[in-house]
J.: 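First the structure, which I've put down as structure tokens, then a few questions once you've had a look.
Values in this document were obtained by computation on a predicted structure and should not be read as measured data.
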Amino acid sequence: MGLARRRFGSVRREVAVIGQGTWYIDESDRNSSVTALRCGLDLGMNHIDTAEMYGQGTSEEVVGEAIAGRRDEVFLASKVLPQNASRSGTQAACERSLTRLKTDRLDCYLLHWRGVHPLEETIAAFETLRREGKILSYGVSNFAVPDLEEAWKIAGPGRLACDQVLYHLQERAVENAVLPWCEQHGIAVTAYSPFGHGDFPDLHSAGGRVLADVARAHDATPRQIALAFLALHPSIFAIPKASTSDHVEENAEAAGVHLSDVEIDRIDAAFPRDPRQRGLPML
């Protein structure tokens with residue numbers, strides 16, 4: 001299966017538009033999770049994202065088992081917790097992640113969210129790790145534009161590879177400022193939880209009915225339509241979690257869905273960027 005790929009921000013690497021997230025994967029059957037991740041690699045989903053926080057490192061261990069013997073196929077990303085993100089703490093956290101993942105390098109290493117340690121310390125550690133070959137690129141997660149601008153000034157042009165953010169149909173706030181800023185600066189935007197947190201639109205809701213209608217036209221599922229819509233932006237890389245091979249295959253097939261302009265407009269109207277337009281509280 002030829003899964004669509006695009007250049008990952010400033011990194012000289014073509015990465016699958018739809019990859020594999022691992023948040024909460026430690027709560028699923030381990031053998032099933034390993035099989036699912038390997039299935040994703042078979043389908044071309046070469047981007048696997050994890051973090052030291054997920055399952056207190058268990059997620060990284062699962063990923064390490066899944067990519068054994070296939071490391072060169074994978075664009076592997078992990079994250080350092082903000083409380084560990086001092087200069088020495090970042091380097092130590094990276095070493096622990098590499099051990100759990102059973103690899104000698106990360107393709108991208110992210111600051112999970114901003115904490116008390118100065119960005120100068122974290123980025124200095126990232127640069128040291130990059131020079132040592134232990135990470136090939138670095139970025140941030142959950143950063144708004146003011147934080148991105150500060151990190152950009154510290155790191156310098158072309159250094160930040162991505163900003164990983166919450167992005168799904170019912171949470172499109174990143175389209176207002178973060179996504180345009182990242183596109184202007186050549187930074188990839190990785191969308192985590194692209195189906196939301198257990199609140200994917202119900203088939204009986206107005207938005208759910210739109211997704212179902214569009215899905216029928218493509219012989220697809222509503223979740224595939226949602227992924228196809230999110231991936232329309234040229235800087236977006238979605239990383240849905242799947243702990244079974246069936247779900248992995250469903251996610252991968254979304255890359256083959258091509259929405260018409262009319263369908264895009266219908267989905268856009270059903271899930272507006274501004275929560276006030278659909279009666280939801282501002283976040």
J.: Is any side-chain heavy atom of L119 closer than 4.5 Å to one of L111?
T.: yes

J.: Considering only heavy atoms from C-beta outward, does the side chain of R30 approach that of E61 to under 4.5 Å?
T.: yes

J.: Please tell me whether L230 and L232 are part of a single hydrophobic cluster in this structure, the criterion being side-chain heavy atoms less than 4.5 Å apart.
T.: yes

J.: Hey, are the side chains of T50 and V62 touching, using non-hydrogen atoms and a 4.5 Å cut-off?
T.: no

J.: Kindly state each residue pair satisfying side-chain hydrogen bond (donor to acceptor under 3.5 Å, both in side chains) with at least one member in residues 132-144, sequence neighbours excluded.
T.: E95-K134, E127-Y138, N142-Y192

J.: With rounding to the nearest 0.5 Å, note down the distance linking CD in Q164 to CG in L110.
T.: 6.0 Å

J.: Report yes if some heavy atom in the side chain of V15 is under 4.5 Å from a heavy atom in the side chain of D107; otherwise report no.
T.: no

J.: Mind listing the closest non-hydrogen atom pair of C39 and S245 along with its distance?
T.: CB-OG, 3.8 Å

J.: Hydrophobic clusters here meaning ILVMFWY residues chained together by side-chain heavy-atom distances under 4.5 Å, can you tell me if M53 and V63 are in one?
T.: no

J.: Could you check whether T128 and R131, counting side-chain N and O atoms only, form a donor-acceptor pair closer than 3.5 Å?
T.: yes

J.: Between atom CD of E253 and atom CG of D219, what is the distance when rounded to the nearest 0.5 Å?
T.: 9.5 Å

J.: Could you state the interatomic distance from CD1 (I225) to CD1 (I264), rounded to the nearest 0.5 Å?
T.: 10.5 Å

J.: Any chance you could measure D104, atom CG, to T99, atom OG1, to the nearest 0.5 Å?
T.: 11.0 Å

J.: Should we say atom NE2 of H247 is surrounded by more than 12 heavy atoms from elsewhere, each under 6.0 Å from it?
T.: no

J.: Going through the distances and angles, do H185 and D163 end up as a side-chain contact (heavy atoms from CB on, under 4.5 Å)?
T.: CA-CA 11 Å; H185 292 81; D163 185 13; over 6 Å; no

J.: Side chains of Q20 and H47: closer than 4.5 Å at any heavy-atom pair?
T.: no

J.: Which heavy atom of A93 sits nearest to which heavy atom of N84, and what is that distance?
T.: CB-CB, 4.4 Å

J.: Salt bridge check: are D49 and K241 linked by an N-O gap of less than 4.0 Å?
T.: no

J.: For residues L227 and V214: do they belong to one hydrophobic cluster (side chain heavy atoms under 4.5 Å, members Ile, Leu, Val, Met, Phe, Trp, Tyr)?
T.: yes

J.: Under the ring-ring contact (aromatic ring centres under 6.0 Å, His included) definition, can you give me all pairs with a residue in residues 193-242, not counting sequence neighbours?
T.: F8-F237, W23-H197, F195-F200

J.: Where is the tightest heavy-atom contact between A252 and M45, given as atom of each residue plus distance?
T.: CB-SD, 3.6 Å

J.: State whether D72 and R105 are salt-bridged, where the test is any N-O pair (Lys NZ or Arg NE/NH1/NH2 against Asp/Glu carboxylate O) under 4.0 Å.
T.: yes

J.: What do the steps show when you test R100 against E52 for side-chain contact (heavy atoms from CB on, under 4.5 Å), and what is the final call?
T.: CA-CA 9 Å; R100 287 188 290 264; E52 66 171 341; 3.5 Å; yes

J.: Same cluster or not: are F75 and L37 linked, directly or through other Ile, Leu, Val, Met, Phe, Trp or Tyr residues, by side-chain heavy atoms under 4.5 angstrom apart?
T.: no

J.: If you compare all heavy atoms of C182 against all heavy atoms of L148, which two are closest, and at what distance to 0.1 Å?
T.: SG-CD1, 4.0 Å

J.: Report yes if some heavy atom in the side chain of Y167 is under 4.5 Å from a heavy atom in the side chain of V189; otherwise report no.
T.: no

J.: If you group Ile, Leu, Val, Met, Phe, Trp and Tyr by side-chain heavy-atom gaps below 4.5 Å, do F126 and V11 land in one group?
T.: no

J.: Is there side-chain contact between R209 and D213, with heavy atoms separated by less than 4.5 Å?
T.: no

J.: Using atom types as modelled and distance alone, determine if a side-chain donor or acceptor of Q224 lies under 3.5 Å from a backbone N or O of T221.
T.: yes

J.: Under a 4.5 Å cut-off applied to non-hydrogen side-chain atoms, are L3 and N46 in contact?
T.: no

J.: Applying side chain to side chain contact (heavy atoms under 4.5 Å, CB included) between F271 and each of H168, R266, Q170, report the one that passes.
T.: Q170

J.: Between OG of S32 and CG of D246, what distance do you get to the nearest 0.5 Å?
T.: 9.5 Å

